[in-house]
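Heads up, the thing below is written out as structure tokens.
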There are 2 protein chains.
Amino acid sequence: MEQLEPFTYNHEDNIKNLNTYQDHDRKFKSKNLEAERRRRKKLSDRQLELRSLVPVITKMNKATIITDAIAYIEDLTKCVDHLTDQLLQMDKETDCVLGENMKPDGETTTSTAAIEKDIINNWGITKPEVHVIKVDGGRLWIKMVFEKKKRGGLTKVIEAMAVLGFDLIDTSVTTSKGAVLFTTFLEVICGGTMLPDAARIKEFLFEVVRNI
Amino acid sequence: MEQLEPFTYNHEDNIKNLNTYQDHDRKFKSKNLEAERRRRKKLSDRQLELRSLVPVITKMNKATIITDAIAYIEDLTKCVDHLTDQLLQMDKETDCVLGENMKPDGETTTSTAAIEKDIINNWGITKPEVHVIKVDGGRLWIKMVFEKKKRGGLTKVIEAMAVLGFDLIDTSVTTSKGAVLFTTFLEVICGGTMLPDAARIKEFLFEVVRNI
DNA sequence: CCGAACACGTGAAAC
DNA sequence: TGTTTCACGTGTTCG
């Protein structure tokens, strides 16, 4: 085909020349040829690693590997959600059982109703103070100052920490004249990437300490 | 160098011709040009989708996106493992409790019996350590070292403090490699169900930390 | 023979 | 500045 005449690029020759005169003759070599090769290799390695992590691979294509990885991540997140739901439900049940057992009059009030009642009754006078600082990937530093209005309030705070999946490394609680200073350095159990943003944690904890 | 003579490929010319005569003149067009474009777009889209699924992206690089996805998958699997462990443990516990509660003869097994049973069942590897020191009339200093076997254990401790009618003045909790050091300086509230007898408090707390 | 998948070197552009 | 990342069109291989 004379149409293809101007296009006389020969890849094999080019490769051969590159390999032969790799360091001596740079006439046909871009400056970033080796860098590009490194980049390609790195990307390829990552994709290989990703493939090795995903259990079910429908096809060996690069695109399908990513698709399978996406499906796997979705499955995993769904699994995590389901498990946490189950765990929370179970936590709530055991709490309910304990609460009922401790009640002397034997009245069966659900914990949600009790919480609602608490919300109505305890209208905070002083606004609680909550600080959440992300130290690194999976570590947080939290400081809270709030007013202790009833006994067992600290239990709720520690409970909230457990619900959030926090592993308290170093915690200090100081009480003085009805005010509580709670500071903690903690690690997120489920891993750094699962970490919700500090603002959300702060909001959640604010609601927690608001109701105690 | 005549060796490199055949390399007359001109990318710009090729692009220009492609843009100008995209559908009319296919002189410089490979047969699989459009297919390759489709493939690239598909792959790019998948990577975009993957990126949108991973919450923490350190860099926007294609390689780092995959790296982050790998880290995310590892975190997720770790989280799933952890949650299933917890769930299994909790299932076992509730089974134990329910089994006792479900006694058909209606016999009211006291909690002490349950505790005794637990003592028999759970033979801890490391014996927990509990110290209770009476500072003055209504003030105590407590130090406990125990092994954390499950999440929410700290909640039980704080709960026990509330049950005992203790008002925690200054508390410190330090965790390291599954071991927990809990120290507190507290005040006994008048309405407490238990008298501040150090030995009895120590026994009670020992049972509490033994079961967590 | 053809479509799909891939690695390659390259120029442009971003940081 | 220059190093790095990206999209591009290409030739080749495989089913």
Side-chain angles (χ1 to χ4, degrees), chain A residues 1-54 56-71, chain B residues 1-54 56-71:
Chain A
M1 304 281 200
E2 50 280 24
Q3 291 173 335
L4 303 169
E5 179 65 31
F7 189 74
T8 53
Y9 167 71
N10 190 326
H11 183 59
E12 285 185 342
D13 283 353
N14 192 15
I15 292 284
K16 192 187 66 187
N17 288 327
L18 279 172
N19 291 336
T20 312
Y21 305 103
Q22 186 162 12
D23 294 320
H24 312 295
D25 189 354
R26 294 170 183 278
K27 195 157 146 191
F28 295 89
K29 229 170 114 181
S30 287
K31 294 163 189 169
N32 59 343
L33 202 157
E34 298 174 24
E36 179 66 14
R37 279 179 182 166
R38 267 201 306 272
R39 172 180 166 270
R40 268 202 299 265
K41 174 156 175 48
K42 186 160 69 179
L43 218 155
S44 179
D45 289 348
R46 306 288 171 159
Q47 291 202 350
L48 227 68
E49 198 178 343
L50 181 64
R51 192 187 62 180
S52 71
L53 241 78
V54 178
V56 48
I57 299 289
T58 57
K59 261 165 61 180
M60 276 303 205
N61 296 340
K62 282 187 161 184
T64 44
I65 284 171
I66 297 185
T67 306
D68 293 341
I70 290 171
Chain B
M1 301 289 192
E2 50 281 21
Q3 291 173 334
L4 304 168
E5 179 67 29
F7 188 74
T8 54
Y9 167 72
N10 190 327
H11 184 59
E12 285 185 344
D13 283 353
N14 192 13
I15 293 282
K16 190 186 68 185
N17 288 327
L18 279 172
N19 291 336
T20 311
Y21 307 103
Q22 185 162 11
D23 294 319
H24 313 295
D25 191 350
R26 296 174 183 275
K27 190 157 43 168
F28 295 93
K29 223 168 124 184
S30 286
K31 295 163 192 171
N32 58 344
L33 202 158
E34 296 174 24
E36 180 63 15
R37 281 180 182 166
R38 269 200 305 273
R39 172 180 166 271
R40 269 201 299 264
K41 176 159 175 44
K42 186 158 71 181
L43 218 154
S44 179
D45 288 350
R46 304 290 169 161
Q47 291 204 348
L48 226 69
E49 198 178 343
L50 180 65
R51 191 188 61 180
S52 71
L53 240 79
V54 178
V56 174
I57 300 290
T58 56
K59 262 165 60 181
M60 277 303 207
N61 296 341
K62 282 188 162 185
T64 43
I65 284 172
I66 296 186
T67 306
D68 292 341
I70 290 171

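Note that the structure is predicted; figures quoted are calculated from it, not measured. Proteins come first, then strands; the chains are lettered A, B, ... in the order of their sequence lines, and each starts at number 1.
Phosphate proximity of C:dG3 to B:Arg39: absent, as no side-chain N or O sits under 4.0 Å from OP1 or OP2. When the side-chain nitrogen and oxygen atoms of B:Arg37 are compared with OP1 and OP2 of D:dG9, one or more of them lie within a distance under 4.0 Å.
Under a 4.0 Å N-O distance rule, the pair A:Arg39/A:Glu36 qualifies as a salt bridge.
Mapping A:Lys42 and B:Arg40 onto DNA chain D by nearest heavy atom places A:Lys42 closer to the 5' end of the strand.
Interatomic distance, A:Lys42 NZ to B:Lys62 NZ, rounded to the nearest 0.5 Å: 13.5 Å. Going from atom CD1 of A:Ile57 over to atom OG1 of A:Thr67 covers 9.5 Å, rounded to the nearest 0.5 Å. Going from atom CG of A:Leu50 over to atom CG of B:Leu50 covers 6.5 Å, rounded to the nearest 0.5 Å. Remark: A:Arg46 CZ to B:Asn61 CG distance equals 10.0 Å, nearest 0.5 Å. In this structure, CD1 in A:Ile70 is found 12.0 Å from CZ in B:Arg51, a value given to the nearest 0.5 Å.
One interatomic measurement links the two molecules: CG of A:Leu43 to C1' of C:dC8, which rounds to 14 Å at whole-angstrom precision. Distance CG (B:Leu33) to P (C:dC2): 17 Å, rounded to an integer number of Å.
If you check distances only, the side chain of B:Asn32 does reach the base of D:dG11 with a donor-acceptor pair under 3.5 Å. Between the side chain of A:Glu36 and the base of D:dC6, a donor-acceptor pair under 3.5 Å is found. At a cut-off of 3.5 angstrom, the base of C:dG3 holds no donor-acceptor pair with the side chain of B:Arg38.
Of the possible donor and acceptor atoms, none in the side chain of B:Asp68 sits under 3.5 Å from a partner among the backbone N and O of B:Val54. Of the possible donor and acceptor atoms, one in the side chain of A:Ser52 sits under 3.5 Å from a partner among the backbone N and O of A:Glu49.
Residues from residues 57-65 of chain B with heavy atoms under 4.0 angstrom of DNA chain D, sorted by number: B:Met60, B:Asn61, B:Lys62.
For DNA chain D, the stems formed by at least three consecutive Watson-Crick or G-U pairs, with both atom-pair distances below 3.5 Å, span C:2-15 with D:2-15.
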